[in-house]
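Atoms within each ligand, like the ligands themselves, are counted from 1 in listed order.
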Amino acid sequence: MHLRYSCRIYPTKSQQQALARTFGCARVVYNDALALRKAAWKADRSKIPTGALAKSVITDAKKTDARSWLGSVSVDALQSSLRDLDTAYRNYFDSKSGKRAGHPVGLPVFKSRKDSRQSLRFSRNGFRLRGNGKLNLARIGDVRVRWSRPLPADPSSVTIVLDPSGRYRASFVVDVEPGYLPELDTEIGIDLGLTTYAVMSDGTVIDNPRFLRKAERRLKAAQRELSRKAMGSKNRAKARRKVARAHARVADSRMDWMHKQTTRLIGENQAVYLEDLNVRGLGRGRLAKSVHDAGWATFRRLIEYKAARYGRTVGIVPRAFPSSQLCSECGHRDGPKPLAIREWACSACGVLHDRDLNAARNILAAGRADRLNACGGPVRPGVAIPRQAQPVETGTHRNASRPGRKPRAANVTGIPVQ
Ligand SMILES: [Zn+2]
């Protein structure tokens with residue numbers, strides 16, 4: 001499987017200039033090729049073969065006065081740029097034909113000098129790792145790297161990125177064999193929530209990380225400063241970098257935190273079960289949106305890739321599963337409850353439930369039932385996953401706030417405790 005390893009790099013002033021030149025040339029080659037392909041398509045619906053395209057926008061272009069400066073940068077970076085355009089087209093066509101899942105991918109667009117993120121890629125021919133830990137890039141030189149961890153194998157390519165806050169990163173693609181961890185018999189269900197980050201079926205809780213709120217004040221101040229600067233001034237550009245740096249710090253610490261949480265969960269459990277959340281439909285309140293929209297999707301993505309890498313199982317319980325309505329003790333379905341109700345007593349067996357913990361236990365039971373079922377094993381009665389159930393729970397479903405629906409409080413059949 002392919003993994004990405006990303007770390008900060010610290011090019012010197014002259015290396016930064018060389019990188020800026022290469023960013024520019026790679027962009028021009030990309031845009032020239034895109035213009036040619038668009039024109040060919042418009043003229044006679046034809047596709048220029050990649051080889052011919054490379055010849056006209058790199059080899060031949062270098063010989064013209066207008067593009068002679070292409071000769072001053074690594075040809076490998078320019079060829080990689082063309083391959084990226086190929087990939088962009090392939091993604092578009094695959095998305096259109098339904099071969100590619102997920103959100104629809106649009107046609108490739110022209111890149112701009114003013115894009116806040118600049119990037120370029122080197123293939124295996126364009127870079128080398130030095131014995132002293134430096135990264136040698138073709139026509140740029142030996143760049144200092146801060147290695148956060150050693151690479152597990154020889155990388156097949158490296159992407160150099162300059163982000164809007166002015167930091168440089170190298171992102172290596174490494175092909176690794178999945179290394180399976182020793183098998184465990186622990187399984188866990190996770191309920192991702194709004195009040196706490198997550199509640200586990202064993203009763204442990206992951207609290208909401210507070211970096212965003214802590215950083216919010218600093219962000220606001222930086223933002224205010226930016227809005228006071230005159231348009232197009234140097235001070236404005238400086239203030240903009242400051243805002244970008246504040247955002248980048250938050251994103252970094254969130255990612256770091258998420259890696260730690262997901263690594264621990266995958267390390268400690270043979271199977272992890274999550275609810276399929278409709279992340280895009282969730283935005284409830286400003287903070288919930290900013291913290292969770294990015295957070296939950298990333299959390300799930302990290303869990304899934306780490307499970308694949310270490311030989312663990314991830315089960316996603318369908319969105320329609322009424323995790324908050326079932327009693328995890330007796331399986332009685334108690335009906336939907338408004339989000340404000342944190343605790344309730346089962347009307348059949350009388351057990352007092354914490355809403356999130358009960359949901360996590362139901363997710364565990366449903367995920368386990370589904371897994372055993374898939375293997376031909378027994379299914380615990382009462383917790384089979386209803387595939388066609390109505391999405392009814394307030395707040396965690398896309399159409400929860402759709403106007404014209406009955407007020408939810410009227411449906412409550414469980415006994416609210418508080
Ligand atoms: Zn019960």
Is it true that a side-chain atom of Ser323 and a backbone atom of Ala359 form a donor plus acceptor pair closer than 3.5 Å?
->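 No; judged by distance alone, with no hydrogens or angles, the pair does not exist.
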
Determine whether Leu226 and Arg236 make a side-chain contact, defined as any pair of heavy atoms from C-beta on separated by less than 4.5 Å.
->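 Answer yes - side chains close enough.
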
Taking the side chain as C-beta and beyond, is there a heavy-atom pair between Tyr197 and Phe299 under 4.5 Å?
->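 With C-beta onward as the side chain, the pair touches.
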
Please work out whether the ring planes of Trp147 and Phe172 are parallel, tilted or perpendicular, with thresholds of 30° and 60°.
->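 Because their plane-to-plane angle is under 30°, the rings of Trp147 and Phe172 count as parallel.
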
Could you label the plane-to-plane angle of the His259 and Tyr305 rings as parallel, tilted or perpendicular, counting under 30° as parallel and over 60° as perpendicular?
->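 Correct class here is perpendicular.
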
Test log, rule side-chain contact (heavy atoms from CB on, under 4.5 Å), inputs Ile363 and Ile190 = CA-CA 7 Å; Ile363 289 167; Ile190 306 177; over 6 Å; no

Pull up every protein N/O/S atom sitting under 2.8 Å from the Zn ion (ligand 1), skipping waters.
->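 Near the Zn ion (ligand 1), below 2.8 Å, one finds Cys327 SG, Cys330 SG, Cys346 SG, Cys349 SG.
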
